[in-house]
K.L.:
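Sharing a structure with you now.
Any value given below was found using the heavy atoms of this structure, including those in side chains, with hydrogens, waters and symmetry copies removed. Naming: A, B, ... by sequence-line order, numbering from 1 per chain.
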Protein chains: 4
Amino acid sequence: ATGPAVALRAGFIGAGFMTTVHSRAARAARAELAGVASSSSGSAERAALELGLARSYSSVDALLADDAIDIIHVCTPNTTHARFALAALDAGKHVVCEKPLATSVVDAAALVRRAEATGLTATVPFVYRFHPMVREARARVQAGETGRVLTINGGYLQDWLAEPHADDWRVDADLGGPSRAFADIGSHLVDLLEFITADRIVRLNATTRTVYGNRSNNHDIATEDLVALVVEMRGGAVGTLLISQVAPGRKNSLVLEIAGTEQSIRFDQERPDELWLGRRVGSQHILRDPAELAPDAARLSTVPSGHPMGYQDAFNAFVADSYADAAANSLAASTGVESGCSPEGLPTFADGLRAVRVTAAVLESAASGAWVEVLS
Amino acid sequence: ATGPAVALRAGFIGAGFMTTVHSRAARAARAELAGVASSSSGSAERAALELGLARSYSSVDALLADDAIDIIHVCTPNTTHARFALAALDAGKHVVCEKPLATSVVDAAALVRRAEATGLTATVPFVYRFHPMVREARARVQAGETGRVLTINGGYLQDWLAEPHADDWRVDADLGGPSRAFADIGSHLVDLLEFITADRIVRLNATTRTVYGNRSNNHDIATEDLVALVVEMRGGAVGTLLISQVAPGRKNSLVLEIAGTEQSIRFDQERPDELWLGRRVGSQHILRDPAELAPDAARLSTVPSGHPMGYQDAFNAFVADSYADAAANSLAASTGVESGCSPEGLPTFADGLRAVRVTAAVLESAASGAWVEVLS
Amino acid sequence: ATGPAVALRAGFIGAGFMTTVHSRAARAARAELAGVASSSSGSAERAALELGLARSYSSVDALLADDAIDIIHVCTPNTTHARFALAALDAGKHVVCEKPLATSVVDAAALVRRAEATGLTATVPFVYRFHPMVREARARVQAGETGRVLTINGGYLQDWLAEPHADDWRVDADLGGPSRAFADIGSHLVDLLEFITADRIVRLNATTRTVYGNRSNNHDIATEDLVALVVEMRGGAVGTLLISQVAPGRKNSLVLEIAGTEQSIRFDQERPDELWLGRRVGSQHILRDPAELAPDAARLSTVPSGHPMGYQDAFNAFVADSYADAAANSLAASTGVESGCSPEGLPTFADGLRAVRVTAAVLESAASGAWVEVLS
Amino acid sequence: ATGPAVALRAGFIGAGFMTTVHSRAARAARAELAGVASSSSGSAERAALELGLARSYSSVDALLADDAIDIIHVCTPNTTHARFALAALDAGKHVVCEKPLATSVVDAAALVRRAEATGLTATVPFVYRFHPMVREARARVQAGETGRVLTINGGYLQDWLAEPHADDWRVDADLGGPSRAFADIGSHLVDLLEFITADRIVRLNATTRTVYGNRSNNHDIATEDLVALVVEMRGGAVGTLLISQVAPGRKNSLVLEIAGTEQSIRFDQERPDELWLGRRVGSQHILRDPAELAPDAARLSTVPSGHPMGYQDAFNAFVADSYADAAANSLAASTGVESGCSPEGLPTFADGLRAVRVTAAVLESAASGAWVEVLS
Ligand SMILES: NC(=O)C1=CN([C@@H]2O[C@H](COP(=O)(O)OP(=O)(O)OC[C@H]3O[C@@H](n4cnc5c(N)ncnc54)[C@H](O)[C@@H]3O)[C@@H](O)[C@H]2O)C=CC1
Ligand SMILES: NC(=O)C1=CN([C@@H]2O[C@H](COP(=O)(O)OP(=O)(O)OC[C@H]3O[C@@H](n4cnc5c(N)ncnc54)[C@H](O)[C@@H]3O)[C@@H](O)[C@H]2O)C=CC1
Ligand SMILES: NC(=O)C1=CN([C@@H]2O[C@H](COP(=O)(O)OP(=O)(O)OC[C@H]3O[C@@H](n4cnc5c(N)ncnc54)[C@H](O)[C@@H]3O)[C@@H](O)[C@H]2O)C=CC1
Ligand SMILES: NC(=O)C1=CN([C@@H]2O[C@H](COP(=O)(O)OP(=O)(O)OC[C@H]3O[C@@H](n4cnc5c(N)ncnc54)[C@H](O)[C@@H]3O)[C@@H](O)[C@H]2O)C=CC1
């Protein structure tokens, strides 16, 4: 992936794990790593030093006020996303905002409208879209190889909160928002499902559990540890999704199996270079091989077949595509000529809103026990 | 497994695939393969010849009237089970009746009462219980290794009805009963789940689909091709189950993953000698090794570690245990002394009824869209 | 598989693990389980009772002298095979003799000649040939799908002798013969390789190790724990084979991967219902599906796709084919009319001799350090 | 991984696949991507533009003469490595030279001596060493968990030359050197084996085949398509290695299984975040989890458990370590104070020489048919 002619200047809000990952990707995309602001000047300074960013800012406002920054990465706890993303757009910056885009539908919808109004790039790291084999799966579904989709079997299981004392800001609704497991990882699963099938969940029925009401620092915890749900798709398929952050031995097990009238497809994020194609006769287990992939999958293959690609590679591709879009939008803004096209499969604020909507429906259904329609 | 001192004399109703499997198991259990009746004298004769049964009968009634038969295997289409099983009990025979035990709760409950009243052995081939690694999983759950069960991820996927023209008597409600996919294979999944966890589904919410309303011979088909459901267990766990007979590439994919507070366990029927034990640290992938298994799992291991066991082995064990139970019950009847114990984990008519109850709840929920309580 | 019209009457020498397995298979093949002799009357009696054999004999001679026995299964330690098998042939019995057929080439060759002279059935349980997917692999190689075979990657790893104190009669050259790991399991690997490829090892270079010179009861042990070798095939392929009985975690890991000019094929005995077909594009992972297999593989499939078959199933098929051959030979002897054909792929004494020859070449090469030609 | 305080200035020779991979890694290590020379000015210019390098040079000499370059990456065909690496050292540059370090032992040994004399960093991208799970395997072997190593089962199989017309400069001895498959990929396997076991191959016996004597452009091809060999290790282990570039379906299948007296370990490069630990009881299948790994494995883990790492991640780690070493050596040179330590597990020219020695022994043994000692 060739970077933009003139390097974008990237700023980061937050100094945690995601800022590390985003900044690596920004560097790989040949951006200028301009600066960082976080909850304190100290942590911002340390991050600047450690990550090799040009400077740190004493506040988010100071960062946003700097004209020498073109694009802002929002990498802070969930309940701050909407506020920072809006401020960044208001400051005329492109934005990459972490998921969940917001912790309410109202906020997320406002962000979508604002982004559209500005014409700035506004993306959300639904990063699993950037595994070449996810693109391959999507290309095959869309080429009709799968036939009409009948069932979906999806799961996203982790175990990092499996021990009672394990704790994190995500557990606290004030920082993480009202939904935890679903907002945090279920949102990825839903995005992946809708991305691969180019279909939409129209109804769902969910049940949730909070296994541990008290953890090390957080008490009377209201956010869910796990969710089980059935979904119906606009295209007629039905499916089951299981999301848990308390499943021992499952590290980051995002698995999606789609069965259609002609063929099944299975993707497992922990083995992202593989795809299972189920057929009545002649099922295949294919490995990523750029020579044989759909164009959009081959485009994201940066090393040959048999040379595994991973999470950071997917993240790099997401950021490269966000930056390419930002460069095109900036050019359009300065020249008045629309480029007219965005990189294939770029997850935007609209996709972020979509995940927030599904999350809201999950909470509503879990509360009422009834099927809930999901607005598109 | 040593057979009973005096060989049981076994009779079979039906002359299809299951009679082949049952009669192999009866032979391995050192029974006398006494005879068979089927829908016609001709098919019964052919089966007797092919399967090496001593004789054929011109009718089911003739078979049941023969005093030289101790135990009857009902291997006919679903809607005939209740009738034949009842007649066999009435004739004083032990009964192995195929699943679903009946196609209505009323009929199944009547069979349970009748079996109890007679003191005869009355079992249902929930045969997956007889894989040693299923026993191992159960022993581990019951020893508390898993901790409190939190989530269940179950699936039973097949593809033999994936092609629109594929057809079978099971498709026809008059022969197969009102539920197809769930009664046929979902019942196995539910039995396995409840057997391993020693817990019960208390509520469920299901959605079903009939993908093909017309097949080669059957038209206006009302029975479901697939079911997606969420379940809640008495012990508090929640889970998702997906059942389909139209999932390309999935031959007989019965997979169950249980996550508890301490550990996860996964069993995959297509690799029945393996078990995955998920842990925060040190997950294991264990192979059947008689030297290391729980007693009840070791008991069912008939060949050493690394020498695969399969479906027929499980069936043989089920029939051997049914026969041991029948021999003990016969002895008790003739001596008046109760043996007092049945082979561990033997699936009885009560278990058959249980599966019928869950099936009824699935159909009810699919019709109403609401959560349905499952009576125990 | 239908048994012979008149049941064969089977006798067994030895009362250990293999007699259990052979007698189960004989029962499944609808033979009469006539009797057993072992190292003592007591053990023979116990075996008769436990395995459900009609009677026990006080000596091997008594068993062989009984006219009411048609076929003898030799299931004793290796160094006794040649003697018992010869005596059985001399007594006019068909023979199933365990591997290794003999512990010297001279003895094995004599047995082959004697068997040919008598016209009796004389087979060796190279039982892995009887997995349907092994037949499928062989059919594909022979149909040219693989192209010219280029490389072979074979291994047979176990761990039951991995602990220093583990012990067995096989360790003692007086009972097991001069080669241990290779004669015991390497012989299976070589048979499988030559069976699937229909090719022959023409040269080899081997190195062996005895890791534990002393075990619980055996001391100054001279037989090898492991062997590593390179082989050249008549057809031009080269390959590596690794055989070990001291490989922790490997229970019965017999794996063979063959790469040809067109395609690769991999078979793993611990997952015997699967086959990997490697291709430049479109590699497949196929499951046993009777509907799609080569005739000879479908013939051995006794349960549908997705219903796993195992070790005992393979053994049953081997014995059924041996018995079918014996019945045909007996008929030919009594009528003077040759049936002219044996069941496809039946491993005979000639195959037993072949494995003994390769074993001798392995020991010779390990001693000299030089490449050794293997006579065919 | 924090980069050096002052960025190294990196230059690249060659403009092919490896220069792409090396330059990405150099960027991730926060080096200055100073320039490139290749076989023509044109290709160098194109590469500079595409890869984002500051400038191109019209010749290798011009690049080497530039004082604004600290470290040279040699990414050209094999027979040029020795010449360019020597010239770079002579020009006072640190060198990262692709494998094989040279195509003769004499040349490789000269390079080792020259590198030692200069005190410059001189490394070879045996990049598979940089997978965290390889470090974990090594740490476990060295902590004695495996016990004394008994057997080695290694393979490196590819299929990119499986089609007769497939062609490449590697096929031509003038560019690739006298050995092809072994020098190209066998060298990685040998390095990995010796790295993980901290042991050495002392003797080997190899056989090679050239399957296609003619390809699209190359004719009368003398270099081998495949190699099969047995090895003996100084520590007493024996093993088999199979290397092939004509194995259909195998993309980059580098697999190593080591069995010791206590435990087995298996690493598969295509699933680099996993490790199988074989035990008599309780075999484990572990996933990379930074929280549980040996320090040196945790150090190389840049994303959490369940977030796959890949080939480029390993390459980045190799280059980062090479650069850290170069920075330390430069500092030592300018201050006269030796840092005294190099990053753990850095593959140097000495390791490059080692692989060349083993390659020479393989060719010698293949020619003579005899066991050949490998000098250390
Ligand atoms: N797309 C993906 O795959 C992933 C997305 N995420 C998302 O990234 C976001 C950040 O997650 P992590 O990096 O794991 O969290 P973290 O806890 O490691 O880092 C959060 C950072 O935000 C800073 N921060 C907190 N409040 C702030 C405020 N008011 N103003 C400025 N800085 C503030 C903290 O000091 C900290 O440096 C979350 O929204 C999470 O959902 C996280 C992991 C993966
Ligand atoms: N436990 C398990 O794992 C399995 C259970 N089954 C159950 O076994 C039963 C039989 O299934 P299959 O053998 O596959 O069916 P099938 O169609 O192969 O055989 C059914 C047999 O019943 C005979 N039959 C039909 N109506 C009859 C009547 N009124 N009186 C006497 N005989 C009659 C037919 O002629 C035929 O021989 C079913 O209830 C099915 O659910 C089937 C497969 C696996
Ligand atoms: N085809 C295959 O897959 C397998 C073949 N085998 C072969 O089967 C044979 C028996 O092995 P196992 O059953 O495992 O051994 P085992 O030790 O369990 O049984 C051997 C039996 O032979 C009896 N025996 C020993 N000496 C005797 C004598 N002189 N006369 C009469 N009986 C005598 C013993 O009392 C014992 O009952 C071996 O040759 C072995 O290589 C074993 C396992 C698998
Ligand atoms: N460590 C690893 O995992 C890998 C190492 N390699 C090694 O990297 C080296 C390069 O391989 P690739 O990049 O695949 O080859 P390539 O053919 O893609 O690139 C070679 C480049 O060298 C240039 N070149 C050729 N002769 C030259 C000369 N005399 N002067 C200057 N430039 C010249 C060519 O123009 C071309 O740009 C090889 O030695 C190969 O063994 C390759 C792949 C993986």
K.L.:
Could you tell me which of A:Gly236, A:Gly155, A:Gly147, A:Gly282 has the largest number of non-hydrogen atom pairs under 4.5 Å with chain B?
P.N.:
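Greatest number of close heavy-atom pairs with chain B: A:Gly236.
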K.L.:
Of all the heavy-atom pairs spanning A:Leu241 and B:Thr240, show the shortest one and how long it is.
P.N.:
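Looking at all heavy atoms of both residues, the shortest contact is O-CG2, 3.4 Å.
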K.L.:
So which of B:Arg266, B:Glu262, B:Arg209 has the largest heavy-atom pair count under 4.5 angstrom toward chain A?
P.N.:
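Of the candidates given, the most pairs with chain A belong to B:Arg209.
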K.L.:
Any idea which of A:Leu150, A:Asp159, A:Asn153 has the most non-hydrogen atom pairs under 4.5 angstrom with chain B?
P.N.:
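The residue among A:Leu150, A:Asp159, A:Asn153 with the greatest pair count is A:Asp159.
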K.L.:
Taking C-beta and beyond as the side chain, do A:Leu242 and B:Thr151 meet within less than 4.5 Å on heavy atoms?
P.N.:
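Counting from C-beta outward, A:Leu242 and B:Thr151 do come under 4.5 Å.
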K.L.:
Less than 4.5 Å to any heavy atom of chain B: does that hold for the side chain of A:Leu277, its backbone, both, or neither?
P.N.:
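Neither part.
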K.L.:
On a heavy-atom basis, which atom in A:Lys251 and which in B:Arg280 lie closest, and how many Å separate them?
P.N.:
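Taking A:Lys251 first and B:Arg280 second, the nearest heavy atoms are NZ-O, 2.6 Å.
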K.L.:
Looking at A:Ala237, A:Ala206, A:Ser244, A:Gly260, which makes the most heavy-atom pairs under 4.5 Å with chain B?
P.N.:
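Highest number of pairs under 4.5 Å: A:Gly260.
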K.L.:
Kindly give the heavy-atom pair with the smallest separation between A:Ser283 and B:Gly249, and that separation in Å.
P.N.:
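Looking at all heavy atoms of both residues, the closest pair is OG-CA, 3.5 Å.
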K.L.:
I'd like to know which of A:Val231, A:Asp225, A:Ile258, A:Asn205 tops the heavy-atom pair count under 4.5 Å against chain B.
P.N.:
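Sorted descending by pairs with chain B, the first entry is A:Asn205.
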K.L.:
Using a 4.5 angstrom heavy-atom cutoff, name the option from B:Pro164, B:Gly278, B:Pro248 with the most pairs to chain A.
P.N.:
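Heavy-atom pairs under 4.5 Å are most numerous for B:Pro248.
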K.L.:
Mind checking the OH-OG1 spacing from B:Tyr212 to A:Thr261? Nearest 0.5 Å is all I need.
P.N.:
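B:Tyr212 OH to A:Thr261 OG1: 5.0 Å, rounded to 0.5 Å.
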K.L.:
How close do A:Ser264 and B:Ala247 get, heavy atom to heavy atom, and via which atoms?
P.N.:
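That would be OG-C, 3.9 Å.
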K.L.:
Can you tell me which portion of B:Trp276 sits under 4.5 Å from chain A's heavy atoms? Options are side chain, backbone, both or neither.
P.N.:
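The side chain, not the backbone.
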K.L.:
For chain A, which of B:Arg250, B:Arg279, B:Gln263 has the most heavy-atom pairs under 4.5 Å?
P.N.:
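The candidate making the most pairs under 4.5 Å is B:Arg250.
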K.L.:
Which atoms of B:Leu157 come close to chain A, meaning under 4.5 Å heavy atom to heavy atom: side chain ones, backbone ones, both, or neither?
P.N.:
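Only the side chain of B:Leu157 comes within 4.5 Å of chain A.
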K.L.:
Side chains of A:Leu226 and B:Val238: does their closest heavy-atom pair fall under 4.5 Å?
P.N.:
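Yes - at least one pair of side-chain heavy atoms lies under 4.5 Å apart.
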K.L.:
Run B:Val211 and A:Arg148 through side chain to side chain contact (heavy atoms under 4.5 Å, CB included) and show every step you take.
P.N.:
CA-CA 10 Å; B:Val211 178; A:Arg148 184 159 54 91; 3.8 Å; yes
